[in-house]
Every structure is written in structure tokens, then in C-alpha cells.
**Student:** 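Okay, here's the structure, questions in a sec.
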Amino acid sequence: MITWDVDDRPLHPFSRLYVRGMWWRRDKEAFEGAERTLRTARRRQREGDVPPTRLTRLRRRVRRGDLRGMTVWTAAPRRETPRVRVLYLHGGGYVHPLTADYWRLVRALVRAPAEVVVPCYPLAPDATVDEVVPRLCSIARQVGTADLPLVLMGDSAGGAMALVVAWLLADEGGPAVAGVVCLSPWLDATLDEHEVQDLEASDPMLAESGLRAAGRWWAAPREPSDPVVSPQRVPLDALPPVDVLIGDRDILRPAVERLADRARTADVLVHVHETTSMFHVWMTRAIPEGRRTRRDLVGLLRARSAHRADRST
């Protein structure tokens, strides 16, 4: 079953200026061509994952741990008891580490109230899907205990991994996942959809040439079309409810349409939430539409936790 809603409110004037700034800064260059993509990735990997910001530490209870050889950050409310646990897998084309913007999103999610677990996973080209995804599944099993419903969430490459982890957990019989939330997910590493080229001219953030290279590095030795790398091809019937958030200026949108087409005849609930004039992973940014979407995500987490509570009574 598929539902698709569209938020077509006009772009806020501040956001118009923000998008112009993205074009002026040439944000797309980070993924233009394999050589430039690798050079940018190596520089950012040397700089490392950005730890929780000072504001995050002030407003949320933050602790650092180690699971499966990864640094894992956990953010939780200071006073409230969490009602849901979120395993959040950050994006970055499998090659970029955590940035400060992610902590803005994590702070918002904690308001559900939620406990948000954020692993700093190894990156391509040094790491591949066969090394990282099994470790993320292991972490999901470890944090997916009976005390709280578990939601798998991620953006871009992390959104793809969240869907893959949900599929693999369902295939092996647990733990139960209350929902999967994919933010601007990279569902097809091949970018084979013909609409991608048309959208690239309006996408201020992503370029297909560098993304294709990053997808090959991550997939090795698999093909980028393998469902573990391109989860628009995963079996859908055993999945929990899936929410997909996408902007209409994102070159990753066509693969969302393919997933939605498959969901029409599958035994799964897929909800697509499209926002017009929005770019890739806008919900992490300090713009009005980003704040609005973060509020919606808090409501979504509350709904998932309430649904789990209703089923247990």
C-alpha cells in the first residue's frame, strides 16, 4: 500500500537565499567526478566525524560508547523518559563523515521523547557494504530491546542502509522494528533512472558522476545494483511501515517513485512525503522548511511509539 502526499507551500524567502548560497558556494562540486569526489572525501575523512555540538550537549543528555568497533553517540532527554529508540544512520554518499548539521536533527528527534543512537561507521572506499552493514545489523539487534520500540532512520546513504538493515532483520526474524524513516534516501546507487539527468540541473547539492563512483566503491565487490546497495530492489512484503521524505529538486527522487510503484502491490505500508522546491536532506538545515520537517518527524516518532504501545495492550 502506498500513500503520497505533497507539501506545496511556497518556498520561504530566507530559504530562497539559502539555496542561492548553495549554488554560489558550488556545493555540488563535492560530488562532481570520481577524482574530485575522492579528493573531497579524503579531506573530510581526515577531519573526522563532528562530535555532538556544544548546544546538543547542553540541551540533551549525551554519552559516548563503542559498539562493534565503532564510536556510537547516544542522545536522550535530560528529564523525560524516552518512549522510542531511534537508530540513526547518517548520510554523506558513504564517503563523508558526520557533520554538525546532523546534531540539529538529533536534538529535534529527542523531543519525541526519543533516545537517538548514532554510530560513526567506516567509510568508502576503505570500507564496503559487506563490512559495514552486518555490523550495523548487530548494533540494531543490540539496541532493539523490548523496553522501547525501535525505529530505523537515516538520510541519503544512511536512508538506504536503514531500509537494508530493516530487510535483513526481518529476514532473520528480529528484533521487531516499529518503522523505517528514510530521509532523501539514495535507493539506487546506479542512478539509472532517465529522470536523474533532467533533475541534476535543479539539484543544488548532488551530482550523478561522483555519486556513481561512490556507489561503486561502497558496493565492491558487489554490483551497485545489488539490493544490499540499491534497496529500491529489496523484497518489501516483510518490512515494517516505511516513511520516505523527498524533495522535488533531488536527483534521488526518481528511485523513490520506483519504490512507490513496487509498494502498490506489496504487503507493506509506504508513505511518501514530498516537499516542493526542496533539495537533498533539507531537514538538517537551519531553514524554515527544515524546522517544519523536524517537527513533523517528532510527530511521526510519537505515532510510531503510540502504535507500538497500542499493539502491546
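These values consider heavy atoms only, across backbone and side chains, with no hydrogens, waters or symmetry-generated copies.
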**Student:** Do you reckon Leu199 sits in the same ILVMFWY cluster as Val6, going by side-chain contacts under 4.5 Å, direct or chained?
**Tutor:** yes
**Student:** Yes or no on side-chain contact (heavy atoms from CB on, under 4.5 Å) for Met153 and Leu301, after CA distance, side-chain angles and deciding distance?
**Tutor:** CA-CA 10 Å; Met153 184 184 297; Leu301 289 179; 4.0 Å; yes
**Student:** If the threshold is 4.0 Å, N to carboxylate O, is there a salt bridge linking Glu172 and Arg141?
**Tutor:** yes
**Student:** Is the side chain of Trp218 donor-acceptor paired with the backbone N or O of Gly93 at a distance under 3.5 Å, no angle test?
**Tutor:** no
**Student:** Determine, using the 4.5 Å side-chain heavy-atom cutoff (strictly less than), whether Val84 and Leu269 are members of one ILVMFWY cluster.
**Tutor:**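 The answer is no; the residues belong to distinct hydrophobic clusters.
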**Student:** Considering the options Met70, Arg68, Arg135, which one meets the side chain to side chain contact (heavy atoms under 4.5 Å, CB included) requirement together with Pro119?
**Tutor:** Met70
**Student:** Determine whether a donor-acceptor pair (N or O, by modelled atom type, separation under 3.5 Å) exists between the side chain of Trp4 and the backbone of His271.
**Tutor:**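 It does not hold such a pair.
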**Student:** Give a yes or no answer on whether the side chain of Thr284 reaches the backbone of Val281 with a donor-acceptor pair at less than 3.5 Å.
**Tutor:** yes
**Student:** What is the minimum heavy-atom distance between Ser184 and Ile246, and which atoms define it?
**Tutor:** CA-CD1, 3.9 Å
**Student:** Does any N or O in the side chain of Arg294 come within less than 3.5 Å of the main-chain N or O of Arg285, such that one atom is a donor and the other an acceptor?
**Tutor:** yes
**Student:** Any idea which heavy atoms bring Leu252 and Ser156 closest together, and the distance?
**Tutor:**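 Shortest heavy-atom separation between Leu252 and Ser156 comes out as CD1-OG, 4.3 Å.
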**Student:** Any chance the rings of Phe31 and His280 have centres within less than 6.0 Å?
**Tutor:** no
**Student:** Any side-chain to backbone donor/acceptor pair from Asp155 onto Gly91? Under 3.5 Å, distance only.
**Tutor:** yes
**Student:** Could you tell me whether the side chain of Thr276 and the main chain of Asp7 form a donor-acceptor pair under 3.5 Å?
**Tutor:** yes
**Student:** Please determine whether side-chain hydrogen bond (donor to acceptor under 3.5 Å, both in side chains) holds for the pair Glu193 and Gln232, giving the CA-CA distance in whole Å, both sets of side-chain angles, and the decisive distance to 0.1 Å.
**Tutor:** CA-CA 12 Å; Glu193 297 83 9; Gln232 71 155 332; 3.2 Å; yes
**Student:** Looking at side-chain heavy atoms only, is the closest gap between Val151 and Val177 below 4.5 Å?
**Tutor:**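 When only atoms from C-beta onward are counted, Val177 and Val151 do not touch, as no gap falls below 4.5 Å.
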**Student:** Apply side-chain contact (heavy atoms from CB on, under 4.5 Å) to Asp49 and Thr71, showing your working.
**Tutor:** CA-CA 10 Å; Asp49 293 289; Thr71 295; over 6 Å; no
**Student:** Are there more than 12 heavy atoms of other residues, nucleotides or ligands under 6.0 Å from atom CD of Glu47?
**Tutor:** yes
**Student:** Look only at the side chain of Arg60 and the backbone of Pro77, and say whether a donor-acceptor pair between them is shorter than 3.5 Å.
**Tutor:**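 No: the side chain of Arg60 does not pair with the backbone of Pro77.
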**Student:** If I take atom CD1 from residue Ile287 and atom CG from residue Leu17, how far apart are they, to the nearest 0.5 angstrom?
**Tutor:**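 Here the interatomic distance stands at 11.5 Å.
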**Student:** Determine whether a donor-acceptor pair (N or O, by modelled atom type, separation under 3.5 Å) exists between the side chain of Thr293 and the backbone of Gly290.
**Tutor:**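 Not a single qualifying donor-acceptor pair exists.
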**Student:** Please lay out, stage by stage, how Thr145 and Asp147 fare under the test side-chain hydrogen bond (donor to acceptor under 3.5 Å, both in side chains).
**Tutor:** CA-CA 6 Å; Thr145 55; Asp147 62 327; 2.4 Å; yes
**Student:** If the threshold is 4.0 Å, N to carboxylate O, is there a salt bridge linking Glu29 and Arg26?
**Tutor:** yes
**Student:** Under a 4.0 Å threshold between the charged nitrogen and the carboxylate oxygen, would Glu208 count as salt-bridged to Arg212?
**Tutor:** yes
**Student:** So which atom in Glu32 and which in Ala207 form the shortest heavy-atom distance, rounded to 0.1 Å?
**Tutor:**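 Minimum heavy-atom contact is CG-CB, 3.6 Å.
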**Student:** Do Asp130 and Arg222 touch side chain to side chain, with heavy atoms closer than 4.5 Å?
**Tutor:**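 They are in side-chain contact.
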**Student:** What closest approach, in Å, do Cys182 and Gly159 show between heavy atoms, and which atom pair accounts for it?
**Tutor:**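 Closest pair (atom of Cys182, atom of Gly159, distance): SG-O, 3.5 Å.
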**Student:** Let me confirm one number: the CE-SG distance from Met161 to Cys137, rounded to the nearest 0.5 Å.
**Tutor:** 10.5 Å
**Student:** Is it true that Asp188 and Arg258 have a side-chain N and a carboxylate O under 4.0 angstrom from each other?
**Tutor:**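 Salt bridge between Asp188 and Arg258, a charged N being under 4.0 Å from a carboxylate O: no.
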**Student:** According to the interplanar angle, ranging from 0 to 90°, do the rings of His90 and Tyr121 count as parallel (below 30°), tilted (30 to 60°) or perpendicular (above 60°)?
**Tutor:** parallel
**Student:** Take Asp250 and Asp203 through the test side-chain contact (heavy atoms from CB on, under 4.5 Å) and record every step on the way to the result.
**Tutor:** CA-CA 5 Å; Asp250 193 330; Asp203 189 326; 3.8 Å; yes
**Student:** Could you tell me whether Asp248 and Arg253 have a side-chain N and a carboxylate O separated by less than 4.0 Å?
**Tutor:**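 Salt bridge: no.
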**Student:** Using 4.0 Å as the upper bound for N to carboxylate O, is an ion pair formed by Asp226 and Arg233?
**Tutor:**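 The answer is no: the pair does not qualify as a salt bridge.
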**Student:** Is the shortest distance from a Lys or Arg side-chain nitrogen in Arg42 or Asp126 to a carboxylate oxygen in the other one below 4.0 Å?
**Tutor:** yes
**Student:** Begin with the C-alpha distance, continue with both residues' side-chain angles, and end with the deciding distance and a verdict on side-chain hydrogen bond (donor to acceptor under 3.5 Å, both in side chains) for Asp5 and His273.
**Tutor:** CA-CA 5 Å; Asp5 59 73; His273 314 268; 3.1 Å; yes
**Student:** Take atom CD in Glu195; do more than 12 heavy atoms of anything else shown fall under 6.0 Å from it?
**Tutor:** yes
**Student:** State yes or no: do Leu11 and Leu245 share one hydrophobic cluster built from I, L, V, M, F, W and Y residues joined by side-chain heavy-atom distances below 4.5 Å, directly or via other members?
**Tutor:** yes
**Student:** Where do Ala157 and Trp186 come nearest, in terms of heavy atoms and distance?
**Tutor:** N-CB, 4.1 Å
**Student:** Please give me the minimum heavy-atom distance between Tyr102 and Gly92, naming the atom from each residue.
**Tutor:** OH-N, 4.1 Å
**Student:** Is Pro288 close to Ser15 at the side-chain level, that is, under 4.5 Å between some pair of heavy atoms?
**Tutor:** yes
**Student:** Taking it one step at a time, do Leu109 and Leu105 satisfy side-chain contact (heavy atoms from CB on, under 4.5 Å)?
**Tutor:** CA-CA 6 Å; Leu109 297 177; Leu105 175 59; 4.1 Å; yes
**Student:** If you count every heavy atom of other residues, nucleotides or ligands that lies below 6.0 Å from Arg43 atom CZ, does the total exceed 12?
**Tutor:**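 Atom CZ in Arg43 is packed in, count exceeds 12.
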**Student:** Taking C-beta and beyond as the side chain, do Thr74 and Val116 meet within less than 4.5 Å on heavy atoms?
**Tutor:** no
**Student:** Are any non-hydrogen side-chain atoms of Leu259 and Leu236 less than 4.5 angstrom apart?
**Tutor:**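 Side chain of Leu259 against side chain of Leu236, heavy atoms only: contact under 4.5 Å found.
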**Student:** Determine whether a donor-acceptor pair (N or O, by modelled atom type, separation under 3.5 Å) exists between the side chain of Lys28 and the backbone of Met22.
**Tutor:**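 Not confirmed, Lys28 side chain does not pair with Met22 backbone.
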**Student:** For Leu55, what are the other residues in its hydrophobic cluster, where any two members join if their side-chain heavy atoms are less than 4.5 angstrom apart?
**Tutor:**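 Direct or chained contacts put Leu55 with none.
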**Student:** What pairs with Arg111 under salt bridge (charged side-chain N to carboxylate O under 4.0 Å, His left out), at least two apart in sequence or on another chain?
**Tutor:** none
**Student:** Do Arg61 and Glu115 meet the salt-bridge criterion of a basic N to acidic O distance under 4.0 Å?
**Tutor:** no
**Student:** Can you hop from Val298 to Leu150 via hydrophobic side chains spaced under 4.5 Å?
**Tutor:**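 No, separate clusters.
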**Student:** Is there a path of hydrophobic side-chain contacts, each under 4.5 Å between heavy atoms of I, L, V, M, F, W or Y residues, that connects Phe14 with Met205?
**Tutor:** yes
**Student:** Please assess Arg249 against Ser202 for the test side-chain hydrogen bond (donor to acceptor under 3.5 Å, both in side chains), listing each intermediate value before the final yes or no.
**Tutor:** CA-CA 6 Å; Arg249 294 188 180 180; Ser202 65; 5.7 Å; no
**Student:** Are the side chains of Val117 and Val72 in contact, using a 4.5 Å heavy-atom criterion?
**Tutor:** yes
**Student:** Is any side-chain heavy atom of Trp217 closer than 4.5 Å to a side-chain heavy atom of Val95?
**Tutor:** yes
**Student:** Quick check: do Val180 and Pro240 have side-chain heavy atoms less than 4.5 Å from each other?
**Tutor:** yes
**Student:** Assign the ring pair Phe279 / Tyr18 to parallel, tilted or perpendicular, where the plane angle (0 to 90°) is split at 30° and 60°.
**Tutor:**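 The arrangement is parallel - the two ring planes meet at less than 30°.
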**Student:** Between Glu274 (side chain) and Val244 (backbone), is there a donor-acceptor pair under 3.5 Å?
**Tutor:**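 Side chain of Glu274 to backbone of Val244, a donor-acceptor pair under 3.5 Å: no, none is there.
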